[in-house]
Amino acid sequence: MKLLVISHGDFAAGISSTLRKFFGIDNVYSACVTQEGGTADLLDRAKAYLEEWGEEQVVICSDLKGGSANQAALALLERPDTFLISGMNLSLLLQIAMETEVTAEGIREMIETAREDLFFINDLALGTMDEDDE
């Protein structure tokens with residue numbers, strides 16, 4: 001299974017570098033929308049990766065649901081065994097990268113777990129959180 005992280009600017013390259021350098025993940029790759037080349041740069045790089053990977057399972061994670069990177073990647077879903085997720089965070093990417101194979105249901109579960117890592121720490125640190133907020 002390969003993990004392709006896509007974004008605007010250098011966000012995907014940076015988070016991919018973090019996964020490789022800090023967590024030893026070697027199945028993560030990135031493609032970015034640039035100001036100069038637009039979504040064409042992202043698609044050229046993504047298509048080159050997909051061609052290289054053959055029939056291997058691929059999970060594509062983008063930065064924004066309505067963003068140009070995600071919209072461009074919609075065309076890649078014609079490829080079998082390819083999944084597209086928007087609104088990525090490091091928690092989600094770590095979960096996916098640790099798997100050798102994923103399913104749609106497994107991805108849904110990982111997204112729910114990653115959502116739990118989104119938290120307004122001030123409430124916890126300053127003791128303003130209600131029991132219902134936990």
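Here the structure is a predicted model, which means the values were calculated and not measured. Just the heavy atoms: all of them, side chains too, but no hydrogens, waters or symmetry mates, feed the values below.
Inter-residue side-chain proximity for L19 and L94 is flagged as met; some heavy-atom pair is nearer than 4.5 Å. No side-chain heavy atom of V28 sits less than 4.5 Å from a side-chain heavy atom of L93. Side-chain contact check for M110 versus I85: every heavy-atom pair is 4.5 Å or farther apart.
E101 places no side-chain N or O within donor-acceptor distance of the main-chain N or O of Q57, the cut-off being under 3.5 Å. Side chain of S16 to main chain of G14: no donor-acceptor pair is present (N/O by atom type, distance under 3.5 Å, no hydrogens or angles). Although no hydrogens or angles enter the test, the distance criterion places no donor-acceptor pair under 3.5 Å between the side chain of D81 and the main chain of E55. Between the side chain of T82 and the backbone N or O of E78 there is no donor-acceptor pair closer than 3.5 Å. A donor-acceptor pair is defined here as one N or O able to donate and one able to accept, closer than 3.5 Å; such a pair exists between the side chain of S7 and the backbone of A12.
Counting heavy atoms of neighbouring residues, nucleotides and ligands inside a 6.0 Å radius, atom CD of E105 exceeds 12 of them. With a 6.0 Å radius and a threshold of 12 heavy atoms from other residues, nucleotides or ligands, D10 has its CG atom at or below the threshold. In this structure, Q35 places its CD atom where only 12 or fewer heavy-atom neighbours from other residues, nucleotides or ligands lie under 6.0 Å away.
Across every non-hydrogen atom of A46 and A31, the tightest pair is N-CB, 4.4 Å. Residues F83 and A104 share a closest heavy-atom pair of CE2-N, 4.0 Å.
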Given side chain to side chain contact (heavy atoms under 4.5 Å, CB included), test D26 with R20 step by step and report yes or no. CA-CA 6 Å; D26 62 1; R20 277 190 233 90; 5.7 Å; no
L42 and T34: side chain to side chain contact (heavy atoms under 4.5 Å, CB included), yes or no, with the steps? CA-CA 8 Å; L42 178 144; T34 65; over 6 Å; no
Set out, in order, the CA-CA distance, both residues' side-chain angles and the distance that settles side chain to side chain contact (heavy atoms under 4.5 Å, CB included) for L92 and I111, then state yes or no. CA-CA 6 Å; L92 176 65; I111 289 170; 4.1 Å; yes
Any chance you could lay out the side chain to side chain contact (heavy atoms under 4.5 Å, CB included) test for M1 and N27, step after step, and finish with the verdict? CA-CA 7 Å; M1 195 266 312; N27 63 333; 3.9 Å; yes
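Residue L76 forms a side-chain contact (heavy atoms from CB on, under 4.5 Å) with just one option from L43, V58, L84, I6, and that option is L43.
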